[in-house]
Amino acid sequence: MTVDEPTTTTGQPFPAPATTDDPTWWRSAVVYQIYPRSFADADSDGTGDVAGMIEKLPYLHQLGVDAVWVSPWYPSPLADGGYDVADYTDISPDFGTLDQADEFVARAHALGIRVLIDLVPNHCSDAHPMFQAALAAGPGSPERDLFVFRDGRGEDGSEPPTNWLAVFGGSAWERVTEPDGTPGQWYLHLFAPEQPDWNWDNPKVFAFFESVIRFWFDRGIDGFRIDVADSMKVDPTFPDMPVDPATGLATREKYVGSPIFDRHDIGEIHAHWRSIADEYQAKGMGTKTFVSEAYLTPASRLVQYVRPGHLQTTFNFDALLCEWGAASQRNVIDLTIAAHAEVGAPPTWVLANHDVPRVVTRYGRPRSGMRFTPEGVHPDDLMLSWNDLVGTPIDLELGRRRARAAALLELALPGGAYVYQGDELALEEVEDLPEEALQDPVWLRSEHTVRGRDGCRVPIPWSGDRPPYGFGTATPWLPQPSHWGPLTAQAQDGVPGSHLELYRAALGVRGQHPALGDGTLRWVDSGPEVLHFSRGQGFECLVNFGEAPVELPAGAQVLVASGDVTSGVLDTDTAVWLQV
Ligand code: NOJ
């Protein structure tokens, strides 16, 4: 099979290519996140793979997304689910080959679907040959200077160089044994010890990542999602952080002036990457884009990452973290839109990803948001906070109803939007994974007190009425619940009112309606419990957060609704798109 003339797995030709180079495509794009390990397992070894991604492209095309973002597909020991990269320019043998990756990109493009991949620039895997060389070369070597090695404190250097904490728990420093067998220097790892941080003050690191970006752009990749885009720079004076009186440990807050997050000079890195993308665009090689992952608040701080000449888009996690409530949601929407307007960037809405509990589960609990304040959301201790909710009462039916309404709200807002795999099927968080199955480093680093993020990474149910639900034929790497039969893509396909058909309908309308995607909104007052806005061209969106049903405007045509609106009223936790 050649990549020039793609055919479907049934041998039928794909529809004609739809990708034209619209230089603003990213301002409105709906991007579907593929977590490759859990998406589709074509070779039936229990782990998803690129061949499975290729097989499912027609499904994604039918869903109606504009692009996919593929979480890391690189060789990795999987100490952090692939965010510990051992080779930035190859594909994990568990997932397939570079040729298959090329085929995936070509076939996606043939369907008009663009492809973003994950760039993990803050850290690599401790198995990366450059880190292994740094260990072998010893203190003071140029190899070590590619990473952040320091001598320890105390007489024998046995204390970490600073009090900084790793995101996954414990110190952010790990001591090494030197080549001569003596206890030696410490290296920085803001995440797991298996993820040593690169030294971005070394121009060789700059050059290395430039070569990685060019490698993938040359292969036709349309852009990158930048992992922890706010963390590559550290304060070169290595100060201790303030101690949190509640814990006696360094604070986890990303305060302005933090020595490890959102440093004042981080934009130099972003601007350099943008210049590479602009160069490709100028050469007619397509519009390349970036989306930054940075849990930064308030939005006025976040949007510095998307000011002119920097990254184009950045996930808006304030909306993800916000509770299900009219006032809070409106507040987040207003703050987000206003902050993005200041820098001329489109907002990027996201309901979930592979790091947070599934949206159905979040909205099914009385506490559906995270510490929202008028200034924004405080993202520190997120995993801990969510962990505390596991096992507390939940109403999944309520969560599903709200998730449907949330999808229509997200997809109606100005800007781009991301859909996490399985959210279109209304999957819930799997909170009862057996402890022996858990693989998240958070579980290990918290000494088995915080379960971590595996519950949203359970392999996708495609068909059938029992595990592995067409994911493959082998036992999946994480066990699937026995009750997911009605949630498979096959079970929902063509069923009016199913979650999948709601997504298809909404994305279909969004793809056609001139008012949706990039642009602005205008609020319409329909009472404190209702979010009601218009987008021009007669498009209106209403979401009822209150208990009481709300009358729909007379004479309006229903484009899509998340629940039954045939009686002319909008019930609680329901959304509708109207043409008025
Ligand atoms: C953010 C990624 O989404 C998450 O999965 C990962 O653990 C951390 N960055 C570290 O790379």
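Both ligands and their constituent atoms are indexed starting at 1 by order of listing.
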Do Tyr418 and Phe315 have ring centroids that are under 6.0 Å from one another? yes
Between Phe168 and ligand 1, which residue portion shows a heavy-atom distance shorter than 4.0 Å: side chain, backbone, both, or neither? side chain
Numbered atoms of ligand 1 (with element) below 4.0 Å of His123, judged on heavy atoms: 10 (C), 11 (O)
Using 0.5 Å steps for rounding, measure from the CE atom of Met232 to the CG atom of Asp227. 9.5 Å
Report yes if some heavy atom in the side chain of Val50 is under 4.5 Å from a heavy atom in the side chain of Ile91; otherwise report no. yes
The protein heavy atom nearest to atom 6 (C) of ligand 1 is Asp80 OD2, 3.3 Å
Nearest neighbour in protein (non-hydrogen) for atom 5 (O) of ligand 1: Asp355 OD1, 2.7 Å
Check step by step if ring-ring contact (aromatic ring centres under 6.0 Å, His included) holds for His189 and Trp164. CA-CA 10 Å; His189 60 87; Trp164 303 347; over 10 Å; no
In ligand 1, the atoms that come under 4.0 Å of a heavy atom of Arg453 are 4 (C), 5 (O), 6 (C), 7 (O)
Run the ring-ring contact (aromatic ring centres under 6.0 Å, His included) test on Trp216 and Trp73 for me, step by step, so that the C-alpha distance in whole Å, both residues' side-chain angles and the decisive distance to 0.1 Å come before the verdict. CA-CA 12 Å; Trp216 290 107; Trp73 56 3; 5.7 Å; yes
Between Tyr74 and Tyr83, does the ring centroid distance fall short of 6.0 Å? no
Can you list the ligand 1 atoms lying under 4.0 Å from a non-hydrogen atom of Arg457? 5 (O)
Closest to atom 9 (N) of ligand 1 (heavy atoms only, candidates Asp227, Ile226, Val356) is Asp227
I'd like to know if Arg225 contacts ligand 1, where contact means a heavy-atom distance under 4.0 Å to any ligand atom. yes
